[in-house]
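Residue numbers start from 1 in every chain, and the chains themselves are labelled A, B, ... in the order their sequence lines are given, proteins ahead of strands.
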There are 2 protein chains.
Amino acid sequence: MIKVAIVEDNEIINHSLKTLINNTEEFSCVGNYSNCEDMLEVIEEIMPHIMLMDIKLPGMNGIEGVKQVKVKLPSISILMLTVHEENDLIFDALCAGACGYLVKKTHPEKILEAIEEAYEGGAPMSSHIARKVTTFFQMDKKLSPDKTLLTPREHEILSELIKGKTYYAIAMTLNISPDTVRFHIKKIYKKLHVHSQAEAVAEAIKKGII
Amino acid sequence: MIKVAIVEDNEIINHSLKTLINNTEEFSCVGNYSNCEDMLEVIEEIMPHIMLMDIKLPGMNGIEGVKQVKVKLPSISILMLTVHEENDLIFDALCAGACGYLVKKTHPEKILEAIEEAYEGGAPMSSHIARKVTTFFQMDKKLSPDKTLLTPREHEILSELIKGKTYYAIAMTLNISPDTVRFHIKKIYKKLHVHSQAEAVAEAIKKGII
DNA sequence: AAAACAACTACACAATAGGGTAGTTTTATA
DNA sequence: TATAAAACTACCCTATTGTGTAGTTGTTTT
């Protein structure tokens, strides 16, 4: 039996979701809460598989609620409940750890389908939200890492430096003279506007060069 | 008129997609290619809005193809063509810059819907793939930065080190002795199992301590 | 009250790094 | 075939770092 918990301050919606869920053979509603605070107190004992969480709640909002639930129960699947497809809030919820969402006016069968989907490891969401997510994490993968800044050799040497090697050790690895290593590192420092290994590594990682 | 390009080595599929697209009023097929190499040579002149790209291609594969197309035309929407929902390949394609995918055996109307969806800024994908994406980028947000590893003072000193300061400069900033700075850094190195500033910074950033 | 930890200071010493200058040799590109 | 860029070597010199050892002081936990 798949255990579902509900956090929703509108009593009518809360109750009808509970009824919907308990009328199935597959799911069972194991907790109804009208706010995050009450839910967080007992959630570790209830251990639901799925949580339906309203985004807008009195007191702690749903986004913050997701974060805190995820700390206590990292493997729970949380679906956000929203009135409209308010893009930004949903996006924030996904960042916080939600796996998808349900528009409240969705037909009951579709709601159960989405819960099922979430339980099976899916992420029910519209194509538009999905695009926001993919775009966002493609951005993450470094926007214009400026591969042209450092030459291949400089890049190579920087990579060795990050491993904690000394100039001499790098020289041995690359079969060049330690003076050459020193020379390249000097140029790297100039290009990155830094003056030490620590700063160079920090800058390189920040710029996504590594 | 929305311009669509196709990269697909199976001639039958390639041709039927072209026919499908050209039989609509909304879309027009402006290019058919059986491999990435041919497509990349002319893509900047064609400038399609949407590209349908097979994942498995002779020569350069679709994933690499996506990367290169995105360099030339950053705003193009690319849908991957796949036989099955081969999770990992699709995921790699999304990382590379694709916005969604089409399973080849999908009904023609659904294919056109997906193209439409992509053009309107959506990301057509199954709920399972969507979950992989959201999970992945939640992971990115640092899992358990282990704030307990370094003491507050050690953390502070590491932060100064990243700015490129010398032991002496850090000592002045924190109003402590340079020997104390040296002492703290020794302990940081032991905790992170490193032996240089460069390695410490790299490790700290990797672990999300910074 | 003892133990554990954080923060601090101190001294010594060899190894390493950072910066300057000056040049050669490939390799790619106009 | 110039010319530029990358890659390389070398030497000098001082500042800084990495490591060890040895201790004090104050706070928190048991």
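Between the P atom of C/dA17 and the CG atom of A/L158 lies a distance of 14 Å, rounded to the nearest Å. In this structure, B/I188 places its CD1 atom 13 Å from P of D/dT17, rounding to the nearest Å. Regarding A/R153, its CZ atom lies at a distance of 17 Å from the C1' atom of C/dA28, rounded to whole Å. Distance B/E156 CD to C/dA6 C1': 13 Å, rounded to the nearest Å. One atom, NZ of A/K187, and another, P of D/dA5, lie 10 Å apart when rounded to the nearest Å. The separation between B/L150 atom CG and C/dA7 atom C1' is 14 Å, rounded to whole Å. Rounded to whole angstrom, the span from the CD1 atom of B/I185 across to the P atom of D/dT16 amounts to 13 Å. C/dA15 atom C1' lies 18 Å from atom NZ of A/K165, rounded to whole Å.
The side chain of A/F183 lies closest to C/dA22, out of C/dG19, C/dA7, C/dA22. The B/R182 side chain lies nearest to D/dT19 when the options are C/dT9, D/dA7, D/dT19.
The CG atom of A/L94 sits 9.0 Å away from atom CG of A/D92, with the distance rounded to the nearest 0.5 Å. Atom OH of A/Y101 is separated from atom CG of A/L89 by 12.0 Å, given to the nearest 0.5 angstrom.
An OP1 or OP2 oxygen of D/dA15 is reached within less than 4.0 angstrom by no side-chain nitrogen or oxygen of B/Y167. At the phosphate of D/dA7, OP1 or OP2 sits under 4.0 Å from a side-chain N or O atom of A/T151. Between C/dG18 and A/Y189, a contact under 4.0 Å exists linking OP1 or OP2 to a side-chain N or O. Here A/T180 reaches the OP1 or OP2 of D/dT9: one of its side-chain N or O atoms lies under 4.0 Å away.
In this model, a donor atom of one side chain and an acceptor atom of the other lie less than 3.5 Å apart for B/S77 and A/R131.
The pair B/D54-B/K104 meets the salt-bridge criterion, with a side-chain N (NZ, NE, NH1 or NH2) lying under 4.0 Å from an Asp/Glu carboxylate O.
Here the side chain of A/T180 pairs no donor or acceptor atom with the backbone of A/I176 at under 3.5 angstrom.
Taking for each of B/K186 and A/H184 the nucleotide of DNA chain D with the nearest heavy atom, the 5'-most of the two is the partner of A/H184.
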